[in-house]
Amino acid sequence: MNAAAAEARIALVGNPNCGKTALFNRLTGSRQKVANYAGVTVERKEGRFTTPGGRSFRVLDLPGAYSFDAASPDEAITRDICRGAFPGEAAPDVLVCVVDATNLRLHLRFVLEVRRLGRPMIVAVNLMDAARRRGIAIDLPLLARELGVPVVETVAVRRGGAAALVDCLDAHGAIAPAAADGASHDLHAEVQRLLSLAVRMPTRTAAIDDAIDRVVLHPLLGLLLLAAVMFAVFQAVFAWAAPLQDLVSAGVGALGERVSAWMPEGPLRSLVGDGVFGGLGTVLEFLPQILILFLFILALEESGYLPRAAFLLDRLMDGAGLSGRSFIPLLSSFACAIPGIMATRSIQDPRDRLATILVAPLMTCSARLPVYTLLIGAFVPRREVAGWFNLQGLVLFALYLAGIASALLVSWVMKRARRRDGEHALLLELPSWRLPHWRDLAIGLWERARIFLRRVTTIILALTVLLWFLSSFPAPPDGATGAAIDHSFAGMIGHAIQPLFAPLGFGWEICIALLPGLAAREVAVSALGTVYALQAASDDALSAQLSGIVASEWSIATGLSLLVWYIYAPMCLSTIAVIKRETNGWKHAGIATAYLFALAWLAAFATYQVASWVFG
């Protein structure tokens with residue numbers, strides 16, 4: 001590393017689940033940004049920090065990799081960047097190879113592969129506190145001498161847990177390159193030699209892990225526990241978020257009234273009051289629910305539960321034409337289908353990967369939550385069931401289950417239409433159980449909140465303003481009766497496409513909301529807020545909650561039909577673009593869009609007809 005350089009580049013590398021991202025968070029804190037590598041959809045995380053000695057470093061958190069014999073795009077990018085062969089990326093000045101102290105048998109093999117590159121490197125032995133609790137003793141100086149590179153201890157989840165790594169970087173004006181030819185050609189034998197020299201294992205290891213896994217991985221108890229965990233998540237999304245939503249709603253409403261009161265009557269006041277606060281304000285109310293959902297997903301990932309759930313569900317998913325590896329991408333799709341589809345790169349079987357990509361949009365992403373919450377709040381009473389459960393949470397859980405069941409059914413149909421070559425096999429590393437650290441959860445939630453707010457202030461704001469314009473112009477002719485929006489461009493569009501959706505019970509107002517919802521599903525709610533604000537005939541109606549307007553003006557059959565529509569509704573344009581990029585063409589993106597629209601229309605049609613017959 002050149003001591004004279006103003007800012008040195010560090011790359012963190014390591015196996016998945018080694019605590020690499022936690023160490024990245026510890027080093028960089030909030031000074032980080034997330035983007036994609038040029039030309040690909042693999043996520044790129046970069047941050048900066050300065051040592052006590054005044055040295056500045058730019059830190060790159062590379063995708064997790066088990067080997068440089070790349071079996072996925074993530075591993076290929078990590079390999080190429082470490083070698084200095086990735087287009088547009090200079091080789092890092094120092095490679096920091098992060099390993100799990102409780103699982104050195106697996107992780108040291110990758111250390112030896114990294115050492116073969118002959119580049120300056122440091123080995124960060126993470127989770128040393130967990131290793132000590134289990135009675136694992138590691139002689140770090142001996143390991144450093146045998147490897148020929150600096151070896152430091154880290155505990156990424158603790159304050160000061162990266163101090164040894166920072167001191168090592170600060171103390172060395174230059175870190176010598178590793179011996180490129182020092183590693184044995186038989187990596188397995190070399191790992192065994194290093195373990196026998198530098199590591200002393202207790203007679204019984206991972207007793208806590210084994211005890212927990214006997215329950216979590218039990219064929220029956222494990223599935224019941226998984227169902228209970230998922231059920232608790234969706235109950236919490238409603239029960240915990242309600243007070244926060246009320247607070248956001250009151251704040252946005254008060255701010256909107258105050259801003260509108262300062263402005264004179266005219267189009268600009270209508271834009272701000274009806275367009276911005278009537279549209280964006282409605283979407284912002286659902287931020288607490290989205291963050292609660294992300295909180296659970298991040299906590300489950302950090303704890304080590306998700307790989308176990310994938311292992312547990314492997315047989316069930318194999319019967320539906322998927323594999324256990326599909327579980328984590330599909331679970332990620334509950335937050336957003338885009339990272340879920342990108343996560344399918346870890347699935348080696350191309351048919352399994354394609355099937356997972358095509359059914360990922362059926363998972364209920366967080367963008368659907370505003371629509372679900374609006375309709376559930378309008379048509380489902382808020383009351384307890386059996387003294388324990390929230391009825392609205394039960395309905396939300398049922399909607400999520402419907403999406404999951406539909407995904408399994410669609411993948412089963414795909415399985416019948418194709419044949420898998422070879423035997424199905426699932427190989428997964430089960431990481432040690434650990435308590436999620438509040439700091440990593442907070443950083444993860446902040447990133448998700450920032451992404452959501454960026455969408456609100458860019459895509460959703462632009463669409464809301466466009467919808468306001470279409471809904472406000474042209475003005476109604478002299479002597480016209482009824483709401484002014486009936487005579488606007490939006491009203492014309494809504495009435496033009498309503499015949500396609502009339503069998504589903506959708507009025508022209510809903511048809512208007514469906515169109516901008518193609519760009520971002522959250523916009524459907526803000527669109528309804530804009531339409532009904534402009535259509536309202538009195539100040540009382542303007543100040544009423546959108547859910548109250550929906551409950552009074554829509555039939556139960558229409559509300560249920562729209563709920564079912566959004567289980568299957570075609571994904572947003574961003575998701576379509578990602579499918580095109582991940583499958584190298586428009587063919588499968590077109591197939592996904594067409595089959596989702598057909599499913600949505602048929603399911604909503606059946607729901608409306610049955611509900612109309614039942615409720616009259």
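Remember, predicted model here, so these are calculated numbers, not experimental data.
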Step by step, would you call Ser411 with Val359 a side-chain contact (heavy atoms from CB on, under 4.5 Å)? CA-CA 7 Å; Ser411 62; Val359 302; 4.2 Å; yes
side-chain contact (heavy atoms from CB on, under 4.5 Å) evaluation trace for Val410 with Leu599: CA-CA 10 Å; Val410 170; Leu599 276 180; 4.1 Å; yes
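Taken to the nearest 0.5 Å, the CG atom of Leu563 stands 9.0 Å off from the OG1 atom of Thr607. Interatomic distance, CH2 of Trp412 versus CG of Leu322, reported as 13.5 Å (0.5 Å rounding). For the atom pair OH (Tyr66) and CG (Asp74), the distance works out to 11.5 Å, reported to the nearest 0.5 Å. Between atom CG of residue Leu140 and atom CD of residue Glu153 there is a gap of 6.5 Å, rounded to the nearest 0.5 Å.
The aromatic rings of Trp240 and Phe296 sit tilted relative to each other, their planes meeting at an angle between 30° and 60°.
The backbone N or O of Pro63 sits less than 3.5 Å from a side-chain atom of Thr78, completing a donor-acceptor pair.
At a threshold of 4.5 Å between non-hydrogen side-chain atoms, the residues Leu354 and His588 count as touching. Side-chain contact check for Phe110 versus Val13: some heavy-atom pair is nearer than 4.5 Å.
The pair Arg109-Glu113 meets the salt-bridge criterion, since a charged nitrogen lies less than 4.0 angstrom from a carboxylate oxygen.
Closest of all the heavy-atom pairs between Ile341 and Ala360 is CG1-CB, 3.9 Å. Arg105 approaches Val191 most closely through the heavy-atom pair O-CG1, 3.6 Å. Of all the heavy atoms in Ser326 and Thr356, the pair that sits closest is OG-OG1, 2.8 Å. Shortest non-hydrogen contact noted between Leu312 and Leu223 is CD2-N, 3.5 Å.
Two rings, from Trp601 and Phe597, have their centers 6.0 Å or more apart. For Tyr595 and Tyr568, the ring centers are positioned 6.0 Å apart or more.
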